[in-house]
Amino acid sequence: MGLVPPAVGQISAASNTILGLPSKQTVASTGSHKRTIDMSLPGNEQHTNPDHAHLLATKWLNANKLADLVKEEGLVYKKGKFSAIEEQQLRAAIENYQHEKELSDAQLQEIIFTKNDRNRDNVFWSEITAAVPLRPIIAIYHHVRRTHHPLTKQGSWQDHEDVLLKQAVTDLGQQWEKVSARVGRRAADCRDRYRNHIVNREIRVTGPWSREEEDKLTRIVTDMTLKQGKDPDNDVFWGKVSELMGGTRGRQQCRIKWTDALSKTVKNEGQKPRWGQQDAYILVHKIDSLNVRDDTEIDWKLIPDADWNLWSAHTLQRRWLTLKKSVKGYEDMTHQEIMDILRIKKAHLPTPPSQTNKKKKERRVVSAASVNEPSDPKDDEVAGSANGAADDDSTDSAD
DNA sequence: ACGCTAGGTAAGGGTAATTATCATGA
DNA sequence: GTCATGATAATTACCCTTACCTAGCG
């Protein structure tokens, strides 16, 4: 029991298309017109239309209006996680404001958290937004309100907090601000804890997935996406998926299980792909060609491509982290310094080991999905089609 | 009197950090 | 055998955007 055929390695050829990489990052993803801005140029922010910069920093544009402006006026704005550079810009702007107006910490908190006061100092939000290029004021607003909240980042939830939360929701319903006041955690954190851990707690399953569960999840996701012409990497509603799983697995569990494991297996025609040196080589060169100043500026959605498509954006991002950590002293190095080392470290495609016929040790089965996977005669077709030309020998050599 | 917008709150959708366990090769 | 290093899997706190609503201003 528990034996699987040698894993099929990542064998898509390192063709020119793989290394002919986008040197641009998508900035606005709203609407059908994707605008890009060349991130390789230092100070690229200056390319922005000054009128647009003013608009972003002063008008509280909602999603629809932003989409309209992108479409009609070619507005460029930035979405997604704040990079380390943006955090720095924001921190500096807030400090500067506080210093200029000679505000105490308490007064600053007051400005950030006062409600419904039309006489408030609106200059604050505009000014700090202006310091972070391409971000709309509302994004800055939400970000700062979260990061400066006195109840932010309290770590793991204790049992008594869960009890308190459950009771609060029973009494008050999903009015998170009121619940927050009772529990002593931010409203959003209460909501998260509730939906991710309190709901269906009695029937929630943890630990390794059974084969049946994996099959069920695969069926649900493919029904929801592929069978309707949608993208299983992007168009999945995980709350709904969790519901369809009968609530036994939460939305986060389902999502991670799919993106990190099952989706690759589906793409690889039922075979579990294995990360290899060649993949590391491709990844390093892809990231290198982005010419970003810092890895927090990488738009991971742009890294996967059609010729190298087994790995999800999320997986690649985590792969990158592993690669980065393999560089000694990476904590004290700049992105460029790390890249310089990795470029050399991964300068060449791995050469096949001398004993190509050496049988690899069978992998011990961790996931139940791997059990009962007979050595499939269709393997030959697989090698010849989806993954380019590779035979068993080169498969082995990928490691 | 009313349309409009700032902005508060909840919902929807997503990722990062960490831990545990296993695989592999020197 | 054993040690170092990396791969895989799972968990959960934390994050970002959008939807919806309403007070209050012009």
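Sequence lines set the chain letters: A, B, ... in the order given, protein chains first and strands last, and positions in each chain run from 1.
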Is there a side-chain polar atom (N or O) of [X] under 4.0 Å from OP1 or OP2 of [N]?
| X | N | result |
| --- | --- | --- |
| Gln253(A) | dT11(C) | yes |
| Lys257(A) | dA10(C) | yes |
| Gln174(A) | dA11(B) | yes |

Can Asp105(A) and Gln109(A) be counted as having a side-chain donor-acceptor contact under 3.5 angstrom? no

Under a plain distance cut-off of 3.5 Å, with no hydrogens placed, do Glu86(A) and His143(A) share a side-chain donor-acceptor pair? no

Of all the choices, [options], which nucleotide is nearest to the side chain of [X] once you look at every atom?
| X | options | result |
| --- | --- | --- |
| Ile256(A) | dT12(C), dA11(B), dA10(B) | dT12(C) |
| Trp60(A) | dT9(B), dA6(B), dT12(C) | dA6(B) |
| Arg249(A) | dT11(C), dT9(B), dG14(B) | dT11(C) |
| Arg191(A) | dA10(B), dG14(B), dA11(B) | dA11(B) |
| Trp176(A) | dA10(B), dA9(C), dC15(C) | dA10(B) |
| Arg195(A) | dA10(B), dT5(B), dG13(B) | dG13(B) |
| Asn64(A) | dT17(C), dC14(C), dA19(C) | dA19(C) |
| Lys153(A) | dT17(C), dC15(C), dT11(C) | dC15(C) |
| His142(A) | dT9(B), dT12(C), dA10(C) | dT9(B) |
| Lys79(A) | dT11(C), dG12(B), dT18(C) | dT18(C) |

Could you tell me whether Glu100(A) atom CD has more than 12 heavy atoms of other residues or ligands within 6.0 Å of it? yes

Name the residue closer to the 5' end of DNA chain B, choosing between Leu61(A) and Asp192(A) according to the nucleotide with the nearest heavy atom. Leu61(A)

Most 5' of Val236(A) and Thr58(A) on DNA chain B, judged by nearest nucleotide: Thr58(A)

In whole angstrom, give the distance that lies between atom [atom1] of [X] and atom [atom2] of [N].
| X | N | atom1 | atom2 | value |
| --- | --- | --- | --- | --- |
| Ile198(A) | dT12(C) | CD1 | P | 11 Å |
| Lys81(A) | dA16(B) | NZ | P | 7 Å |
| Trp238(A) | dT12(C) | CH2 | C1' | 17 Å |
| Arg255(A) | dG12(B) | CZ | C1' | 12 Å |
| Leu217(A) | dA9(C) | CG | P | 14 Å |
| Phe113(A) | dG7(B) | CZ | P | 15 Å |
| Leu262(A) | dA9(C) | CG | P | 9 Å |
| Arg135(A) | dC15(C) | CZ | P | 14 Å |

Once you apply a heavy-atom cut-off of 4.0 Å, does [X] come out as touching a base, just sugar-phosphate, or nothing?
| X | answer |
| --- | --- |
| Gly250(A) | nothing |
| Gly155(A) | sugar-phosphate |
| Lys178(A) | nothing |
| Arg251(A) | base |
| Asn62(A) | nothing |
| Ala139(A) | sugar-phosphate |

Could you say whether Thr206(A) or Thr152(A) is positioned toward the 5' end of DNA chain C, judged by the nucleotide with the nearest heavy atom to each? Thr206(A)

Apply ring pair (Phe, Tyr, Trp, His ring centres under 6.0 Å) to the pair His148(A) and Phe113(A), showing each step before the final yes or no. CA-CA 9 Å; His148(A) 284 70; Phe113(A) 290 102; 7.7 Å; no

Measure from the side-chain N and O atoms of Thr248(A) to the backbone N and O of Met245(A), and report whether any donor-acceptor pair falls under 3.5 Å. yes

Give a yes or no answer on whether the side chain of Thr222(A) reaches the backbone of Arg219(A) with a donor-acceptor pair at less than 3.5 Å. yes

Among Leu217(A), Thr218(A), Asp223(A), find the residue that satisfies the side chain to side chain contact (heavy atoms under 4.5 Å, CB included) test when tested with Val221(A). Leu217(A)

